[in-house]
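A short write-up of the structure that comes next.
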Amino acid sequence: MILSTALTRIRYRIGEATPAYWSQLELISYINDAKDDLYNAILTINKDFFERTGTLTFASLVSQYLLASDFQRLKSIRATTAGMEGTTFIPMSRNTPAFQAGLQNSAYNNAPYQFMYDIWNNIDTVAVPPPADMKGMNITVSPTPSGAMTVEYCYVAQLPDLSGNSDSFSFLDPFIGYILDQATYYALSKGPSGDYQNYG
């Protein structure tokens, strides 16, 4: 289901097909709140439900890479390139002197197979570094790789807030009924009338 369909269904439930008492932005906020409620409820039952894997391809002289768009938290990271499976990855702030010193080394030969890494949210829409747009969750590794290497990472996924009409509920779509009920409950709790307790 997409956001516009969810909004239509909620407006049918609250008896307001055209925005008047409840604005579209208000209903969207209720939908996102309900989406987050569902996410946290599922985590209490199965902490691994949102576990996903992604792949990065390290390239020569490139230290910054864009992570999956639904990335929330890293669980593990490992090299899968033959002969480099023993590579270790150590979390460290990219602002530390050791991390910065590693970034200055443009001829790192990957021995002794150890990288420092830092995960951070790049809010800029400009290409950093060019040519790719790196807006979103990024990982920076130090020292700078000198050659190609494939890395697999395991992470906890979270659906970003929905805002555009065509935005999808993605992996939460099977539970859309919960989201619609909860968002309707939030809307009717505001008033001016309606059986919000039924949806609660």
Side-chain angles (χ1 to χ4, degrees), residues 1-14 25-58 65-81 84-93 115-123 134-141 149-190 195-200:
M1 182 179 292
I2 60 175
L3 180 59
S4 61
T5 304
L7 286 167
T8 299
R9 293 191 181 183
I10 291 172
R11 287 208 169 276
Y12 175 80
R13 292 174 173 206
I14 63 179
L25 287 178
E26 185 176 11
L27 291 188
I28 290 173
S29 73
Y30 294 152
I31 288 172
N32 283 316
D33 288 345
K35 176 260 299 178
D36 292 338
D37 290 344
L38 172 62
Y39 179 88
N40 292 323
I42 292 175
L43 282 181
T44 63
I45 299 169
N46 183 355
K47 63 182 179 60
D48 297 323
F49 186 86
F50 299 107
E51 186 175 300
R52 304 287 186 270
T53 58
T55 302
L56 298 172
T57 302
F58 286 4
Y65 301 88
L66 187 65
L67 297 170
S69 60
D70 59 354
F71 179 93
Q72 187 208 36
R73 176 171 52 85
L74 183 69
K75 295 193 69 175
S76 64
I77 182 169
R78 65 185 185 92
T80 56
T81 299
M84 302 192 72
E85 295 92 339
T87 301
T88 58
F89 294 87
I90 303 171
M92 185 176 293
S93 170
F115 287 96
M116 297 170 281
Y117 72 89
D118 190 14
I119 295 174
W120 54 287
N121 188 9
N122 181 15
I123 62 175
M134 302 293 284
K135 182 178 181 181
M137 296 303 294
N138 283 241
I139 183 170
T140 301
V141 294
M149 183 172 72
T150 302
V151 173
E152 181 181 273
Y153 62 101
C154 178
Y155 67 99
V156 176
Q158 184 170 33
L159 182 65
D161 281 350
L162 288 78
S163 58
N165 284 332
S166 60
D167 287 354
S168 169
F169 288 87
S170 186
F171 49 76
L172 291 179
D173 202 59
F175 312 102
I176 192 65
Y178 177 99
I179 296 174
L180 295 178
D181 284 351
Q182 189 75 352
T184 303
Y185 168 79
Y186 287 144
L188 292 178
S189 294
K190 175 188 174 183
D195 185 11
Y196 68 91
Q197 292 177 338
N198 179 52
Y199 289 102

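Just the heavy atoms: all of them, side chains too, but no hydrogens, waters or symmetry mates, feed the values below. Because the structure is a prediction, the values reported are computed rather than measured.
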Strictly under 6.0 Å, is that where the ring centroids of Phe115 and Phe58 end up? yes
[atom2] on [Y] to [atom1] on [X], rounded to 0.5 Å:
| X | Y | atom1 | atom2 | value |
| --- | --- | --- | --- | --- |
| Ile176 | Leu38 | CD1 | CG | 9.0 Å |
| Leu172 | Tyr178 | CG | OH | 11.0 Å |
| Tyr117 | Ile77 | OH | CD1 | 6.5 Å |
| Ser93 | Met116 | OG | CE | 11.0 Å |

Are Glu26 and Tyr30 linked by a side-chain donor-acceptor pair shorter than 3.5 Å? yes
With no hydrogens and no angle check, do the side chains of Tyr186 and Asp37 hold a donor and an acceptor under 3.5 Å apart? yes
For a quick test of reading the model, state the closest non-hydrogen atom pair linking [X] to [Y] and the distance between them.
| X | Y | value |
| --- | --- | --- |
| Lys135 | Leu66 | O-CD1, 3.5 Å |
| Asn121 | Met137 | CB-SD, 3.6 Å |
| Met149 | Phe89 | CE-CZ, 4.2 Å |
| Ala79 | Met84 | CB-O, 3.2 Å |
| Thr81 | Thr150 | OG1-N, 2.7 Å |
| Ala183 | Ala34 | N-CB, 3.8 Å |

With Thr184, the side chain to side chain contact (heavy atoms under 4.5 Å, CB included) member among Ile179, Ile31, Ile10: Ile10
NZ/NE/NH1/NH2 to OD/OE distance under 4.0 Å, Asp48 and Lys75: yes
So Lys35 and Gln182, do their side chains get closer than 4.5 Å, heavy atoms only? no
According to salt bridge (Lys or Arg N to Asp or Glu O under 4.0 Å), who are the partners of Asp118, at least two apart in sequence or on a separate chain? Arg94
Check residues 163-170 and write down every donor-acceptor pair under 3.5 Å in which the side-chain atom is one partner and the other belongs to a residue at least two apart or another chain.
| unit_1 | atom_1 | unit_2 | atom_2 | d |
| --- | --- | --- | --- | --- |
| Asp167 | OD2 | Ser163 | N | 2.8 |
| Asp167 | OD2 | Gly164 | N | 2.8 |
| Ser168 | OG | Ser170 | N | 3.0 |

Start with the C-alpha gap between Leu159 and Tyr39, add the side-chain angles, then the distance that decides, and say whether side-chain contact (heavy atoms from CB on, under 4.5 Å) holds. CA-CA 9 Å; Leu159 182 65; Tyr39 179 88; over 6 Å; no
